[in-house]
Amino acid sequence: MAFGLYGLVLGMAITEVLGGFSRLLRHRGRTRIGWQVPLLGVVVLLDLTTFWMDAYQNRAIIPVNQLTLFVAVVLVGCYYLIAGLVFPDDIVDCPDLDDHYARHVRVVAGGMLAISFIMQISFGILEGSAAPGTAVAPEPGTVALLLEALTLPILVALLFVRKRRLTIPMLVILIVAMLAGAAFD
């Protein structure tokens, strides 16, 4: 039941990102799209699916109570807000999406970092309090851990790096690392 609410709001966040891609396709040619916003959209989409998978794999140790439900709603609510910032509401009114990226990347990357940090702490606490014999998601393989270790510094760097010639390769590396991490998980 609680996981259903979690999945619903997370699904809305995914829909928000996919809707942004749809707006880009509808209005291409009317605005300069560039690479940063679409790549950031892919990063957020991949992170949303990873976030859902982590929660699903750990559902056995997640207690169903008011506090857990509140924390889940806050976290996925934050993801919904982050997803809503990736693309502008009206692409036609935004002549250059690189400007939109520059205005919102810190909130998006910082929010993803904060949510990841809170999730890791929460799962650590829950794993420590899980009943003996409770199935906990298996630890990811060494390759997946190395790739995950690569994603965090890149997200941090996105908070500070402004040059397009640096952010585009960083976003591409982040996407490749996230996809490879999922493949080796």
Side-chain angles (χ1 to χ4, degrees), residues 1-23 37 39-89 103-141 144-145 147-156 158-159 171 174-175 177-185:
M1 172 104 163
F3 199 76
L5 175 62
Y6 178 87
L8 175 68
V9 179
L10 210 52
M12 290 169 54
I14 290 170
T15 302
E16 189 71 33
V17 175
L18 293 175
F21 280 114
S22 174
R23 289 190 304 276
V37 169
L39 288 172
L40 185 62
V42 172
V43 167
V44 170
L45 200 56
L46 290 171
D47 205 46
L48 283 164
T49 56
T50 301
F51 184 72
W52 185 89
M53 187 58 134
D54 287 346
Y56 185 78
Q57 287 177 336
N58 288 292
R59 71 190 181 285
I61 64 167
I62 300 173
V64 180
N65 58 43
Q66 193 68 31
L67 177 62
T68 304
L69 192 58
F70 175 73
V71 170
V73 167
V74 167
L75 289 176
V76 295
C78 287
Y79 246 125
Y80 179 78
L81 296 173
I82 290 167
L85 292 175
V86 174
F87 296 94
D89 291 330
R103 280 193 310 273
H104 297 289
V105 68
R106 286 183 174 167
V107 174
V108 173
M112 289 170 55
L113 281 167
I115 291 168
S116 177
F117 182 70
I118 292 168
M119 283 290 288
Q120 294 305 317
I121 289 172
S122 299
F123 285 141
I125 291 169
L126 290 172
E127 285 176 6
S129 64
T134 304
V136 178
E139 289 295 320
L145 286 174
L147 292 167
E148 185 176 313
L150 178 66
T151 62
L152 294 176
I154 293 174
L155 278 175
V156 171
L158 287 174
L159 297 173
L171 289 165
L174 193 55
I175 290 167
M178 293 170 95
L179 288 171
F184 290 107
D185 196 9

Just verifying a value: how many Å separate I175 CD1 and L39 CG, rounded to the nearest 0.5 Å? 4.5 Å

Can you name the nearest heavy-atom pair linking A83 to A13, along with the distance? CB-O, 3.4 Å

Heavy-atom side-chain contact between V43 and M112 under 4.5 Å: yes

Closest non-hydrogen atom pair, L75 against I115: O-CD1, 3.8 Å

Can you tell me how far OH of Y80 sits from CD of E16, rounded to the nearest 0.5 angstrom? 4.5 Å

Hey, which of T68, V74, L67 is the one that makes side chain to side chain contact (heavy atoms under 4.5 Å, CB included) with V71? L67

If we only count heavy atoms from C-beta on, is the W52 to I14 side-chain gap below 4.5 Å? no

Nearest heavy-atom pair of V86 and L40: which atoms, and what distance? CG1-C, 4.2 Å

If you round to the nearest 0.5 Å, how far is OG1 of T50 from CE of M178? 5.0 Å

side-chain contact (heavy atoms from CB on, under 4.5 Å) filter on L113, not counting sequence neighbours, yields L152, L155, V156, L159

CG of D89: more than 12 outside heavy atoms within 6.0 angstrom? no

Minimum heavy-atom separation for F51 and V76, please, with both atom names. CE2-CG1, 3.5 Å

Verify, without hydrogens or angle tests, whether S22 (side chain) and L18 (backbone) share a donor-acceptor contact under 3.5 angstrom. no

Close side-chain approach of L10 and T49, heavy atoms under 4.5 Å: no

Looking at every heavy atom in both V107 and I82, which two are closest together, and how far apart are they? O-CG1, 4.4 Å

Quick one: are V44 and L48 in side-chain contact, heavy atoms under 4.5 Å? yes

Of the non-hydrogen atoms in V17 and F87, which two are nearest, and what is the gap between them? O-CE1, 3.5 Å

